[in-house]
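Any value given below was found using the heavy atoms of this structure, including those in side chains, with hydrogens, waters and symmetry copies removed.
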Amino acid sequence: MLLEEQRFIHEDLERLEQAIADRVAEEPRNIRERLSRDHEVAHFVNRIEEQSKRLLEIYKDADSARQSEIQSISTGDQFEEFYKQLDDIKDFYRRYPNEPAENLEQAYKRRPGEGAFGMDVDNMFTGEEGYGQFLDLTTLHEDYLNLPGVKRLSYTQYLDIFDAFTPPQMLIKRANKVSDKYFKYVGDLAGYLEEYIKKVRPLQDLDKLFASFNDEFDRQWEANEVPGWTAEKAENGAQGPKTEGSGEGIWCADCEKEFKNENVYKNHLTGKKHIRAAEARKASGGAGEAPAGNTSSVTRLKERAVAEREHRVRSLAQVLDHERQATRVNVERKQGMTERERQMELEALLADDTPGAGGLGGDQSDDEGDDKIYNPLKLPLAWDGKPIPYWLYKLHGLGVEYPCEICGNFVYMGRRAFDKHFSEALHIFGLKCLGITSNTNLFREITRIEDAIRLWEKLEQDRKKERENRDNVVQMEDAEGNVMPERIYLDLQKQGIL
């Protein structure tokens, strides 16, 4: 039945292509529907790849089964072969009467009550992620604070430096990074970022992106250019290689301690503490003096594993830079909100705000979505799209009209909007049209064109008179060469001082 399977796969591929075209042709109304559509299209693309691989195997016909089936149909009695296959089908459904027959015509169509797109993305994201708009690193922030030797940072500060693994942002020593706790933390951070980008970008070729990260890391590691993990040569005669610790001193593998000075390290080798540590390490299966190179290679392998995860976190953070900045803004905004405001925002996110859309609720009918908001008093709308309370309307005096002739007889509702408009562009532009180009603050509370022109003319006259008085001042000079105004000169002369 390979020919029937071949025909079935060809039909399935055509149905999948048509289903993808139907989804792409319809524009999603919000971010939830866009993610649902993208995940559904990605699912169809994966099925196309799987079916294409199976179809290619049939055409290759490695076991010649397809060729044998073609010969049995073309050379023998065609009706006999047809009825034989028909009997096989009837026998199958006789043994499995409840086995459903797959109908490709209905397989990729949307079912009633399914919403705009079939994939359910509600359970993919946490509340903090907001359907892929923001990152949720709260748990990883707590893991970071529990690491030994880290600086205590707030969540907003952590969002800025979570991909920084070298000083001055990261203060963990290189020797402490090889620990299992730090290795798990970096792995969890890289794993979260990978899963997040898979959820928000299902149609992107992520395998190629991750492969580029690995290739770049391999190149940097071979060239000894990975930040914070450059290998240095050990000093001649020194027991510990410089590939441990911070990379700046000499590492003692027995005591697991780093020394900045070579003389201090040599004196340390003769100490009782070092001798006991070396004997204990040798007794537990360690290598003492001889296998220092082997210890160095094992440690270098551990460093490579940690460095690879750090590199992946840095690379993913660059790709998700937009979501990272949006997360910081969102966290700072939520810090200034009350608990009630956060709850109202969450309810508004989960509510169906699109007429007749089904949205997240999915159970509302088209008639309910088409109902208009009852607002007979023409009250202003609040942030949720509903009229504000009438008592708040009266409290702020929003029913009082304040017309402004300078703004083209525009009417401002409420004293607050009226006071604010004097510094807005529309009022300033109206003053410029009247020839008033400076000292616009002096024209506050003036709304009539005639009053504004009269005040401007008076100000111009005062400035003109001031200039004339300043130009007509007569300067006098006494016998000693002192220059002064004429009025002061005459007063001093009358007093006999000059």
Side-chain angles (χ1 to χ4, degrees), residues 16-17 19-20 23-24 26-53 108 110 114-144 155 158-159 162-165 183-218 305-331 349-350 360:
L16 286 167
E17 291 175 0
I20 293 175
R23 268 68 169 178
V24 174
E26 185 174 348
E27 188 67 24
R29 289 163 291 192
N30 48 52
I31 186 173
R32 177 185 177 277
E33 290 189 358
R34 180 184 63 79
L35 285 171
S36 179
R37 181 199 65 181
D38 291 350
H39 278 280
E40 192 173 13
V41 171
H43 173 70
F44 291 159
V45 171
N46 292 335
R47 181 165 174 81
I48 287 177
E49 293 180 356
E50 295 174 359
Q51 293 289 66
S52 299
K53 290 179 181 178
Y108 307 114
R110 301 194 189 109
E114 198 176 47
F117 296 94
M119 297 298 291
D120 182 17
V121 297
D122 293 342
N123 298 325
M124 289 186 182
F125 300 95
T126 64
E128 288 291 330
E129 291 174 339
Y131 291 108
Q133 300 180 80
F134 316 111
L135 298 171
D136 185 8
L137 300 177
T138 52
T139 304
L140 292 164
H141 175 234
E142 295 178 358
D143 295 342
Y144 170 81
Y155 185 53
Y158 176 74
L159 290 173
F162 72 83
D163 61 332
F165 300 102
F183 182 76
K184 182 179 183 301
Y185 160 73
V186 182
D188 293 342
L189 180 57
Y192 169 78
L193 295 177
E194 287 184 8
E195 291 299 321
Y196 178 84
I197 198 173
K198 289 178 182 178
K199 292 186 294 186
V200 298
R201 303 181 185 180
L203 295 180
Q204 186 175 349
D205 190 359
L206 298 179
D207 293 336
K208 182 178 180 181
L209 180 66
F210 297 154
S212 66
F213 295 161
N214 296 333
D215 295 340
E216 183 181 5
F217 173 76
D218 293 339
V306 176
E308 184 177 6
R309 294 192 173 190
E310 290 183 353
H311 175 78
R312 178 156 294 221
V313 171
R314 280 193 296 265
S315 303
L316 290 169
Q318 292 178 358
V319 177
L320 297 172
D321 184 67
H322 175 73
E323 288 80 0
R324 178 183 190 172
Q325 300 301 329
T327 303
R328 179 178 176 82
V329 173
N330 183 59
V331 170
L349 179 65
L350 298 176
L360 297 182

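Considering only residues two or more places apart in sequence or on other chains, Glu194 meets the side chain to side chain donor-acceptor pair (under 3.5 Å) condition with Arg312. Residues meeting the ring-ring contact (aromatic ring centres under 6.0 Å, His included) test with Phe125, sequence neighbours left out: none. Checked against side chain to side chain contact (heavy atoms under 4.5 Å, CB included), Tyr196 has the following partners two or more places apart in sequence or in another chain: Glu129, Leu135, Tyr192, Val200, Leu320, Glu323. Residues meeting the side chain to side chain donor-acceptor pair (under 3.5 Å) test with Arg201, sequence neighbours left out: none. Take Asp205 and apply the side chain to side chain contact (heavy atoms under 4.5 Å, CB included) test, not counting sequence neighbours, and it matches Asp207, Lys208. Annotation: side chain to side chain contact (heavy atoms under 4.5 Å, CB included) contacts of Glu142 (sequence neighbours excluded): none. For the ring-ring contact (aromatic ring centres under 6.0 Å, His included) test, no residue two or more places apart in sequence or in another chain qualifies with Phe210. Every residue two or more places apart in sequence or in another chain was checked for a side chain to side chain donor-acceptor pair (under 3.5 Å) with Asn46, and none qualifies. With sequence neighbours left out, the salt bridge (charged side-chain N to carboxylate O under 4.0 Å, His left out) criterion links Asp218 to Arg304. In terms of the side chain to side chain contact (heavy atoms under 4.5 Å, CB included) criterion, Val329 has no residue partners (sequence neighbours excluded). Scored by the side chain to side chain donor-acceptor pair (under 3.5 Å) test, Thr138 finds Asp136 as partners (sequence neighbours excluded).
Considering every non-hydrogen atom in both Glu40 and Arg23, the closest pair reads OE2-NH2, 2.9 Å. Here the closest non-hydrogen pair linking Pro28 and Arg34 is CB-N, 3.5 Å. Between Met124 and Lys199, the closest heavy-atom pair is O-NZ, 2.9 Å. Closest approach of Pro202 to Ala42, counting heavy atoms only: O-CB, 3.7 Å.
In this structure, Leu137 and Thr327 have side chains that are not in contact, with every pair of non-hydrogen atoms separated by 4.5 Å or more.
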Please tabulate, for side-chain N and O atoms in residues 183-190, each donor-acceptor pair with protein atoms closer than 3.5 Å (sequence neighbours left out).
from: Lys184; atom 1: NZ; to: Asp188; atom 2: OD2; distance (Å): 2.9
from: Tyr185; atom 1: OH; to: Tyr158; atom 2: OH; distance (Å): 2.8

Step by step, would you call Glu17 with Ile20 a side-chain contact (heavy atoms from CB on, under 4.5 Å)? CA-CA 5 Å; Glu17 291 175 0; Ile20 293 175; 5.8 Å; no
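Gln325 CD to Asn330 CG: the interatomic distance, rounded to the nearest 0.5 Å, is 13.0 Å.
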